[in-house]
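Data first, discussion second: the structure below is written as C-alpha cells.
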Amino acid sequence: MRAVWLREFGGPEVLVPGTAPDPAPGPGQVLVDVAHANITFVETMFRATGFGPFDAELPLIPGNGVGGTITELGPGVDPALAGRVVVTATGGTGGYAERVVVDRSAPVPVPPGLALDAAVALMADGRTALMLARAAGLRRGDRVLVEAAAGGVGSLLTQLTAASGATVVAAAGGPAKVAGLHAAGFDLAVDYRQPGWTGRVRDAVGAVDVVFDGVGGPLAREAFDLLDPGGRMLSFGLAGGAWADIPAEAATARGVTLLSPRPGPDELRALTEAALAEGAAGRLRPQIGQRFPLDRAADAHAAIEARQTVGKTLLDVR
C-alpha cells in the first residue's frame with residue numbers, strides 16, 4: 001500500500017512517500033480502507049522534535065485519525081461491521097496510509113447525512129470543541145474570547161459559543177484570517193499579532209468571561225489579563241509554541257478559574273459521537289480549509305507550520 005514514512009525527526013521534508021506491507025486484521029481487529037486522514041498541529045511538532053503523546057519509535061508511519069470503510073474483519077469480529085463507513089483513531093501512528101488496522105471497538109460510525117470528509121474533520125476537533133464548551137458552562141450574555149478562531153477547533157468553538165447566546169470575540173493571527181472571520185459573520189474579530197489587540201477587545205466588550213486559549217505562550221497571559229473576576233480560562237492548543245503558563249496563585253488572586261477537562265476513553269468516544277451527530281444535524285459545520293493528496297503530506301505540514309492554513313487540513317488518500 002502507499003504510505004508516508006517518518007524515519008528521522010526534522011522539517012517537513014522528512015515525510016517521505018513510499019510503500020508499506022498491507023496490514024491484516026488479527027483476532028478482534030478490523031481493517032479500514034482509508035479515504036481521508038486528519039492532520040493536527042501536534043503531529044507537526046512530533047515530526048519536528050519527537051515531542052508529543054505518541055509512544056513510538058522511528059521509523060514509523062505518522063497519523064492518528066482517519067476515515068474510511070471497514071473492508072476486512074479479523075477472527076471473532078461481528079460480520080455486521082463489514083462495509084461500515086467509520087472514523088477512527090489509530091493509536092498514534094499509521095494514519096498516513098491507504099489502510100489501517102484497529103481494534104474493533106475503535107471505529108465510530110459516520111451517521112447518515114454527514115459526508116466522510118466532514119466526519120474526519122470533526123472527529124478530533126469536534127469532540128475537543130464540545131468538551132471545552134461544556135466545561136466552560138457557556139451562558140447567554142457571556143463575553144467569550146476564542147483564540148486561534150480561524151483554526152479547526154477554534155472555528156467550531158465560535159459556532160458553539162454563538163449558539164449558546166454568548167458574545168463571540170474571535171481572535172486570529174494575520175489580516176487574512178481576520179478578514180475571513182468577518183466574512184463568516186463575526187463582527188468582533190481582532191488580530192492578536194497586532195500591538196494593542198487586547199485594548200481593542202476592551203473597547204468592544206470590556207472584560208471577558210471566558211477565554212478559550214488555542215495559542216499558549218505569552219499571548220495566553222495577555223488573554224488571561226482580559227478576564228473579569230469569576231471568569232474561566234481553558235487552554236486547547238499551543239500554536240505559539242508552548243502551553244499557557246498561568247500560575248494557579250495568579251488565577252486565585254484574580255478570582256479566575258483555570259479549567260482543564262481530562263475525559264477518559266468512554267467520554268472521548270461519547271464526545272466524538274456527539275460531534276458527528278451535531279455535524280449530521282447541521283449544527284456543527286467544520287471548515288476544511290486545505291486538502292492535500294497523501295504523497296504531499298510534507299506540503300501539508302509545511303503549510304500548517306507557516307500559519308498559512310485555516311480550518312482543518314486533510315490528506316485525501318483516495
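Not measured: the values here are computed from a predicted model.
- With hydrophobic clusters built from ILVMFWY side chains whose heavy atoms lie under 4.5 angstrom apart, Val66 does not share a cluster with Val101.
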Would you be so kind as to tabulate the donor-acceptor pairs closer than 3.5 Å made by side chains of residues 311-318, with sequence neighbours excluded?
from	atom 1	to	atom 2	distance (Å)
Lys312	NZ	Asn38	OD1	2.7
Lys312	NZ	Ile39	O	3.0
Lys312	NZ	Asp125	OD2	3.3
Thr313	OG1	Gln290	NE2	2.8
Asp316	OD1	His36	ND1	2.8
Asp316	OD1	Arg291	NH2	3.3
Asp316	OD2	Arg291	NE	2.9
Arg318	NE	Val34	O	3.2
Arg318	NH2	Glu98	O	3.2

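- Just one of Arg254, Arg143, Arg202 meets the salt bridge (charged side-chain N to carboxylate O under 4.0 Å, His left out) condition when paired with Asp228; it is Arg143.
- Although no hydrogens or angles enter the test, the distance criterion places no donor-acceptor pair under 3.5 Å between the side chain of Glu43 and the main chain of Pro62.
- Contacts classified as salt bridge (charged side-chain N to carboxylate O under 4.0 Å, His left out) and involving residues 61-87 (residues at least two apart or in different chains) are not found.
- Both Phe236 and Leu259 are assigned to one and the same hydrophobic cluster, defined by single-linkage of ILVMFWY side chains at heavy-atom distances under 4.5 Å.
- Both Ile288 and Leu116 belong to a common hydrophobic cluster when Ile, Leu, Val, Met, Phe, Trp and Tyr are linked at side-chain heavy-atom distances under 4.5 angstrom.
- Between the side chain of Arg104 and the backbone N or O of Gly76, at least one donor-acceptor pair lies under 3.5 Å.
- The environment of CD in Glu57 is sparse: at most 12 heavy-atom neighbours from other residues, nucleotides or ligands sit within 6.0 Å.
- Here OG1 of Thr167 is found 11.0 Å from CG of Asp187. Values are rounded to the nearest 0.5 Å.
- Phe212 is listed as a side-chain neighbour of Val210, based on a closest heavy-atom distance under 4.5 Å.
- By the side-chain contact (heavy atoms from CB on, under 4.5 Å) test, Ala162 pairs with Val168, sequence neighbours left out.
- Within the model, atoms CZ of Phe292 and CD1 of Ile304 stand 7.5 Å from one another, a figure rounded to the nearest 0.5 Å.
- Using a cutoff of 4.0 Å between basic side-chain nitrogens and carboxylate oxygens, Arg232 and Asp142 are scored as salt-bridged.
- Rounding to the nearest 0.5 angstrom, the gap separating the CZ atom in Arg47 from the CG atom in Leu60 is 12.5 Å.
- Listed by chain and residue number, nothing satisfies the ring-ring contact (aromatic ring centres under 6.0 Å, His included) test with Phe51 (two or more places apart in sequence, or in another chain).
- Other members of the cluster containing Val215 are Leu145, Val169, Leu188, Val190, Tyr192, Trp197, Val201, Val205, Val208, Val211, Leu219, Phe224, Leu226, Leu227, Met233, Ile246, Val256, Leu258, with ILVMFWY side chains joined at under 4.5 Å, either directly or via other members.
- Not counting sequence neighbours, the partners of Pro175 by the side-chain contact (heavy atoms from CB on, under 4.5 Å) test are Asp191.
- A continuous path of hydrophobic side-chain contacts links Val100 to Leu15 [ILVMFWY only; heavy atoms under 4.5 Å].
- Tracing side-chain contacts under 4.5 Å through hydrophobic residues (I, L, V, M, F, W, Y), one reaches Val85 starting from Leu276; they form part of the same cluster.
- Using a 4.5 Å heavy-atom threshold, the side chains of Leu73 and Leu81 count as touching.
- Arg269 contributes a side-chain N or O that, together with a main-chain N or O of Pro107, makes up a donor-acceptor pair within less than 3.5 Å.
- Lys177 NZ to Gln308 CD: the interatomic distance, rounded to the nearest 0.5 Å, is 9.0 Å.
- Just one residue in the list Thr69, Val32, Val30, Val102 forms a side chain to side chain contact (heavy atoms under 4.5 Å, CB included) with Val86, and that residue is Val32.
- Counted within 6.0 Å of CG on Asp203, heavy atoms from surrounding residues, nucleotides or ligands total more than 12; the atom is thus considered enclosed.
- The distance from atom OG1 of Thr90 to atom CG of Asp103, rounded to the nearest 0.5 Å, is 13.0 Å.
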